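Heads up, the thing below is written out as structure tokens.
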Amino acid sequence: MNTSRFALVDCNSFYVSCHRVFQPELNGRPVVVLSNNDGCVIARSDEAKALGIKMGTPYFQMKEVAGQEQVKVFSSNYELYGDMSRRVVSTLAQFTPHLEIYSIDECFLDLSHLAPEEVKAYGKKVRETVRQWTGIPVSVGAACTKTLAKVANRLAKKQTGKEAGVLVLANQQEVEQALRQTEIGDVWGIGRQHAKRLRQMEVHTAWGLRNLPEGWVRKNMAVTGLRTLLELRGEPCQDLELASPARKNICTSRSFGRPVAELGHVKEALSTHTVRCATKLRGQGSCASSLTVFLMTNRFAVTEHDYYSSRTIQLARPTSSELELLRHANALLEDIFRAGRRYVKVGIMLHELIPASEVQLDLFTARNEEKQGKLMATLDSLRQRFGHHALKYGVQGARNEGDTFENEAEKPPWMLKREFASPCYTTNIREVLVVKT
DNA sequence: TCTGGGGTCCTAGGACCC
DNA sequence: TCTGGGGTCCTAGGACCC
């Protein structure tokens, strides 16, 4: 009954590890990666964790410690992480085609083809191979449900020496021991609110949750909570999702590098986001039936209380053409933009996505639609080949993210702050050449 | 001065219908 | 005019994930 059906393979401090692959001198040193705009800490090496730097800490609050302790700081580089992630996945795919890509740094593997006594060696082999082929260290947790595999994985990361990085929960005793060592807030599916509530009831560990009555959990934590409970008890409620389902909503937004007051600058930003968003939309073969544009002032400022406004429109017919989306997005923006405010963020959301093949066309629009479709396909392939900035619209502004600027004032204010940027080692040929010479 | 971005699922309650 | 039950759909808000 306790056969290990699932393994969770999770990259250790993934973003940090990606940088270390190309700068091995950073091994053993404290390293952190910041969110977009150098806002807050989103990845830490073990050495940085040991310094007490917490996940989500705003950079300005840890600047001093970073200086004192010689913490190496990076701006985030999603092109690099995305490419490294693909390498890890294709390595795992050599082991089994039955795998679920759960996030940029985690995969579930199906183990049902293994005999119980083979699981541990298999986990070790996976770990060694990924390390050798990609340079990325991973941990492997295996158990009979996904939630228990998550538990196992957390504990695997803490193990040292010969046991480092792989943990299999093969029987009731091992499961109980693991659950007793797992804090309630560390259980997959238990967030801040549930954890707080459970602690008030003196439930402090996963083991405590495991022993609560089903009825109470169903009533107070909904069916998702009940699923977590049952999975902790060893009853699988979630299967592998081999094919990632099409997104139901797609959103692209960024904070500005500096506050922005001019409509023209906000338009450049929104247009850039819209092109990205439309590219994602076409990437999954969908069309959008409605779209929302939102615009924010600083939510941390006490004076500007109306920090969020948004507007949505229903499109006459679903589209994936960025020309149409740009037209609508900028019209909505003009509606909600108010002069005299300092904005910090703009974004676009696409909803009610349907497969492009299901869009109903009438006689008058069919030809136009076909022409636009061809145009978009051409844009997509050119951008794939020459980079996303290779083809753009006047309304996006002349400058690119990644351009070098003589001084800060020359850079459009909406562009991301990336004080600690690193090269895209694996995806930008020009930069690889620069590094080598 | 400086605080990320992008998603999913579930539930309760209201509107509406027969 | 008064009455009841049951169903669907939509939306907003909350909770969760990485």
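Numbered from 1 within each chain, the chains take letters A, B, ... in sequence-line order. If you're wondering where the values come from, they're calculated on a predicted model, not measured in any experiment.
Base-pair partner of C:dC16: B:dG7 (Watson-Crick or G-U wobble, both distances under 3.5 Å).
Between the CD atom of A:E106 and the C1' atom of C:dC17 there is a distance of 9 Å, rounded to whole Å. Taking atom CZ of residue A:R192 and atom P of nucleotide C:dC16, one finds them 8 Å apart after rounding to whole Å. Residue A:L198 contributes atom CG, which lies 14 Å from atom C1' of C:dC16 at whole-angstrom precision. Distance, A:N220 CG to C:dC16 P: 13 Å, rounded to whole Å. In this structure, A:L226 atom CG and C:dC16 atom C1' are separated by 16 Å, rounded to whole Å. In this structure, the CE atom of A:M221 is 8 Å from the P atom of C:dC16, given to the nearest Å. We find that CG of A:L8 is positioned 14 Å from P of C:dC17, with the value rounded to whole Å. The separation between A:I190 atom CD1 and C:dC18 atom P is 12 Å, rounded to whole Å.
Contact annotation for A:V187: backbone-only contact, meaning every heavy-atom pair under 4.0 Å involves sugar-phosphate atoms and none involves a base. Within 4.0 Å (heavy atoms only), A:K150 reaches sugar-phosphate atoms of the nucleic acid but no base atom. Note on A:I104: nothing from the nucleic acid sits closer than 4.0 angstrom, heavy atoms only.
A:E176 and A:R210 are not joined by a salt bridge, as no carboxylate oxygen comes within less than 4.0 angstrom of a charged side-chain nitrogen.
Test A:V33, A:N77, A:L80 against A:Y15 for side chain to side chain contact (heavy atoms under 4.5 Å, CB included) and you get one pass: A:V33. Paired with A:E231 under the rule side-chain hydrogen bond (donor to acceptor under 3.5 Å, both in side chains), one option of A:K146, A:Q238, A:K150 passes, and it is A:Q238.
Within the 3.5 Å criterion, the main-chain N or O of A:F405 finds no donor-acceptor partner in the side chain of A:E410.
Classification of the A:W188-A:Y102 ring pair by plane angle, with boundaries at 30° and 60°, yields perpendicular.
More than 12 heavy atoms of other residues, nucleotides or ligands sit less than 6.0 Å from atom CG of A:L379.
Between the side chains of A:S289 and A:E352, no donor-acceptor pair is found at a separation under 3.5 Å.
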Starting at the 5' end of nucleotides 1-13 of chain B, put B wherever the base has a protein heavy atom under 4.0 Å, S where only the sugar-phosphate does, and a dash everywhere else. -BBSSSSSSSS--
